[in-house]
Structures are given as structure tokens and as C-alpha cells.
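What follows is a single structure, written as C-alpha cells, with notes after it.
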Protein chains: 2
Amino acid sequence: MRFTARTSSDGVVEREFTVGDVPGVLWSPASGAERAPLVLMGHGGGMHKKAPGMVGRAHRIVADCGFHVAAVDAPGHGERPRTAVDERETAALRQAMAAGEPVGPIIIRYNAHLAERAVPEWRAVLDALQELPEIDGPVGYFGPNMGTAIGVPLTAAEPRITAAVFGLFWHDSLTEAAGRITVPIEFVLQWDDEHIPRRSGLALFDAFASKEKTLHANSGGHLDLPRFEVDSAVRFFARHLGH
Amino acid sequence: MRFTARTSSDGVVEREFTVGDVPGVLWSPASGAERAPLVLMGHGGGMHKKAPGMVGRAHRIVADCGFHVAAVDAPGHGERPRTAVDERETAALRQAMAAGEPVGPIIIRYNAHLAERAVPEWRAVLDALQELPEIDGPVGYFGPNMGTAIGVPLTAAEPRITAAVFGLFWHDSLTEAAGRITVPIEFVLQWDDEHIPRRSGLALFDAFASKEKTLHANSGGHLDLPRFEVDSAVRFFARHLGH
């Protein structure tokens with residue numbers, strides 16, 4: 001693990017790092033407990049580790065909970081090179097959108113492919129992060145959209161993750177992995193999602209084997225997730241990762 | 001409106017009152033703004049206006065939001081006389097429970113009957129409460145279970161109610177009234193409810209015409225509603241009735 005840059009604002013220290021060829025960012029409290037839990041954060045499709053929504057959520061978790069937050073660029077995203085598959089699938093997605101055709105089949109297929117590449121990367125990044133003296137205790141995962149396509153198989157494979165916020169994804173490719181997850185889950189779904197059929201979102205929530213799981217379904221379309229759901233996620237992590 | 005008793009604890013003034021022959025209770029901040037919004041609270045079946053859960057929720061809203069909270073005994077409940085219908089329906093309910101038979105049909109039928117008696121009472125109580133100089137601004141309604149069976153037709157009929165928390169009820173008798181409600185709604189549902197089919201709860205949530213509505217579905221049975229849903233309801237009212 002190599003730190004490449006460090007800035008600080010509003011009581012949050014932001015350090016960029018690489019683990020192998022995976023670039024990441026770690027947000028930490030400028031002051032606080034000597035050792036604190038960690039939340040891994042997955043970004044959406046076409047986004048990257050430092051998209052504005054990611055930075056905003058990270059600052060909220062650091063400020064309100066005193067936890068560390070880490071994000072990486074997913075394969076084919078952000079600073080990372082695109083493979084032939086990345087180029088082909090993003091072209092297919094753009095074409096479907098322009099033609100007003102369903103994007104679901106492409107996103108489900110492409111994100112399942114990305115998850116296969118991303119899960120071992122995340123596990124190596126988590127290994128490296130847990131070597132830092134300031135990181136200790138339980139680990140959370142926070143990521144709707146593509147963050148869920150990657151986070152569900154990651155959480156199913158990774159016993160160190162003990163609480164997760166998922167949502168806004170189809171059930172098709174994730175039902176099996178969700179059935180192996182038993183940690184507490186908060187799951188967001190848009191009731192009038194123009195891309196993800198309501199039944200598919202409900203089926204994914206239903207698939208989690210977790211004894212404790214909460215569905216937050218809000219009226220509105222795919223992009224209308226209310227801002228208060230971030231507040232709710234922050235409280236969820238405070239409840240499950242805090243002392 | 002006649003006040004019959006007054007006590008005070010933890011910064012909350014509790015006054016019992018009657019409006020006609022309806023007994024009620026009003027919880028108010030011992031100190032705070034000169035005039036504040038009001039939340040009407042409906043109790044569950046077999047409960048009464050001062051059941052422990054009611055008092056706890058009222059204190060939370062008064063303490064956290066500085067609002068007033070009012071509850072009344074529903075017809076046939078608490079201090080109120082039982083009619084022949086009340087006696088017959090509660091006997092039928094006890095019998096069904098003892099026999100392990102479905103309680104849904106009886107509760108749906110009996111609570112629809114109670115709502116017809118309760119809605120005009122609530123409106124008269126609201127008239128009286130709004131004459132108090134310390135009550136001003138928007139009005140909320142908070143009540144799962146039988147509180148929803150009464151609260152949905154009340155909110156549909158009552159333009160003064162501008163935000164409501166409902167849940168834990170069947171859709172059958174309430175779909176039509178829910179379709180006339182357009183104010184923001186938070187709706188709780190138990191994913192593994194042994195009495196209310198999941199489909200029925202989802203259908204009721206779907207029926208609200210509200211542009212802004214949120215479903216909170218939690219794993220667990222009918223009685224397992226997590227305590228953090230009260231926190232969420234308190235924040236919902238702070239958001240919608242606060243300044």
C-alpha cells in the first residue's frame with residue numbers, strides 16, 4: 001500500500017493510495033479515537049471513487065461516526081484503464097440509452113463481470129487497510145447501484161464485513177450471493193424506478209438471509225433517492241459498527 | 001373541551017381532557033415556543049390513549065420536536081363504554097386467536113366500523129385543540145395498526161393533517177381512502193408478518209396518492225417492529241411539521 005497524496009478539510013483527512021494497480025482514497029477523522037472502524041464505499045456505474053456524492057457521504061460518516069471510509073475506482077472506472085469488454089459494454093449501454101431500449105440486461109451482465117474483477121481487489125485493499133494502526137474493529141460496506149452489484153458478492157465472500165447498505169439493483173445476478181449474506185442490511189429501492197422493476201428490487205431484498213434487514217422504498221424514479229437516505233445509512237453504520 | 005387532570009414529568013406537561021364524551025390526553029412541552037404544531041396519535045387495537053408505547057412516543061415527539069401530541073381513546077377502548085358490536089367483535093377476535101384461525105377478516109371489518117365512529121370524533125377533538133392558544137401550524141398523524149385503520153380515512157377527510165405515519169394494516173378496507181391522500185407518508189410494514197400478507201401491506205403503501213411516500217419494511221413478525229422506527233417517525237415529523 002502506497003499513499004500518494006494527502007489533503008485535509010473540515011476535520012477530515014483525505015489520503016489517496018494505491019494497492020497494486022488499484023487506486024483508492026481513505027477519509028479519516030483529523031482527530032478522534034486512536035483506532036476506529038472502517039466503511040468501504042462502492043461507487044455507481046460510470047462514476048469514480050471521488051465523485052461528489054462519494055465525497056459527501058464519506059465526510060458525513062467521518063464527521064458523524066468518527067469512522068474511516070475507503071473507496072476505490074472499480075475496474076474500468078475512474079483512473080483505471082478500460083479493457084475491450086469495458087469499451088464494448090459501455091458502448092452497448094450508450095446505444096441502448098440513445099435508442100430508448102432497456103438498459104437492465106446490459107447493466108446486469110456488465111456489472112456481474114466487473115464484480116468478478118472487483119471482489120478480489122477489494123479483499124486485497126481491505127487486507128492493506130487493516131494493517132494501518134488507526135483502523136480497527138468491524139467493517140461496513142455502503143454502495144447502491146453498481147456498488148451493490150459488486151458489494152453483494154463481496155459481502156457474501158468477506159466475513160470481515162458485518163453490516164451493509166445496498167440497493168437500486170436488479171435481483172437476477174445477485175439472488176444467490178444475497179442468500180449467503182446474514183449480516184444486518186439496509187436496502188434502498190425506488191418505488192417508481194423506470195429501469196428496475198419493483199418486483200425485481202423486492203426480490204433482491206427478500207433474498208438476503210439476514211435476520212435483521214430493513215427496506216426503504218421511496219416514491220420516485222431511479223435518480224430520485226431522497227437525501228435523507230444518506231442520513232439513515234449514517235445512523236445504520238453508527239448503530240452497527242459503533243461501540 | 002374540559003381539562004380534567006394535569007401532571008408534569010421530564011419537561012412534558014400531560015393534561016387529560018374530554019371533548020363531548022371522548023376522553024383524551026394532550027402532551028405539551030413544559031417550556032418552548034409560544035405556539036407549536038400538533039401530532040395526533042392513534043393507538044392500536046385493545047390498547048388505549050395512555051398505553052406505555054403511546055406515552056413513550058409522545059414524550060419523544062415533545063422532547064425532540066417541541067410539538068404538542070394528542071391521543072384519544074378510540075370507540076370501545078380505554079375508558080369508553082363498549083357497545084354490543086364491540087362486545088361481539090372482540091369476542092369473535094378472542095375466539096379466532098384461541099382457535100388459531102385468521103384474525104384478519106375480523107380486524108378489518110371491526111376496525112372499519114370503529115373508523116366510522118372515530119373520524120367525526122377526531123375532527124371535533126382537532127377543532128377543540130386548535131382553539132388552544134399554544135397550538136398552531138401544521139398537524140401530523142401517527143398511528144400503526146388500528147391507528148392506521150382510523151388514521152387513513154381521517155387523513156383522507158381532514159385537510160388540516162399534512163403529514164402522516166401509518167402501517168401494519170391490511171389494504172382491503174383502506175385502498176380507496178389511501179388513494180385520496182396526497183400528503184407525505186411514512187409507512188411501516190413487517191416483512192414476515194404472520195397476520196398481514198406481505199402483498200396486502202405493499203398494496204396499501206402503493207395505494208397512497210402522495211408524491212412523497214416512504215416504505216420501511218423490516219424483517220420479523222407482526223410484533224417485531226424495531227424501536228428505531230420511532231426515531232424515524234420523530235425525524236419525519238420534525239422534517240414535515242417543523243419550521
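First the proteins, then the strands, lettered A, B, ... as listed; each starts at 1.
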Whatever's closer than 4.5 Å to a heavy atom in chain B on A/I185 counts as neither
Cut-off 4.5 Å, heavy atoms of chain B, and the answer for A/D206 is both
Interatomic distance, NZ@B/K213 vs CG@A/D192, rounded to 0.5 Å, equals 7.0 Å
Honestly, the part of A/E229 sitting under 4.5 Å from a heavy atom of chain B is side chain
Report task. Taking B/T214 for its side chain and A/N218 for its backbone only, find out whether a donor-acceptor pair lies under 3.5 Å. Result -> no
Exercise. More than 12 foreign heavy atoms under 6.0 Å from CD of A/E194: is that the case here?
Worked result: yes
Note: vs chain A, highest number of non-hydrogen pairs under 4.5 angstrom among B/R239, B/E212, B/K211 is B/R239
Look at atom CD of B/E116 and say whether more than 12 heavy atoms of other residues, nucleotides or ligands are closer to it than 6.0 Å. no
From the list B/F187, B/W191, B/F205, the residue making the most non-hydrogen contacts under 4.5 Å with chain A is B/W191
Is there a side-chain contact between B/R235 and A/R235 in this structure, where contact means two heavy atoms from C-beta onward sitting under 4.5 Å apart?
yes
Most contact-rich option vs chain B, by heavy-atom pairs under 4.5 angstrom, among A/D231, A/L202, A/L215, A/D224, is A/L215
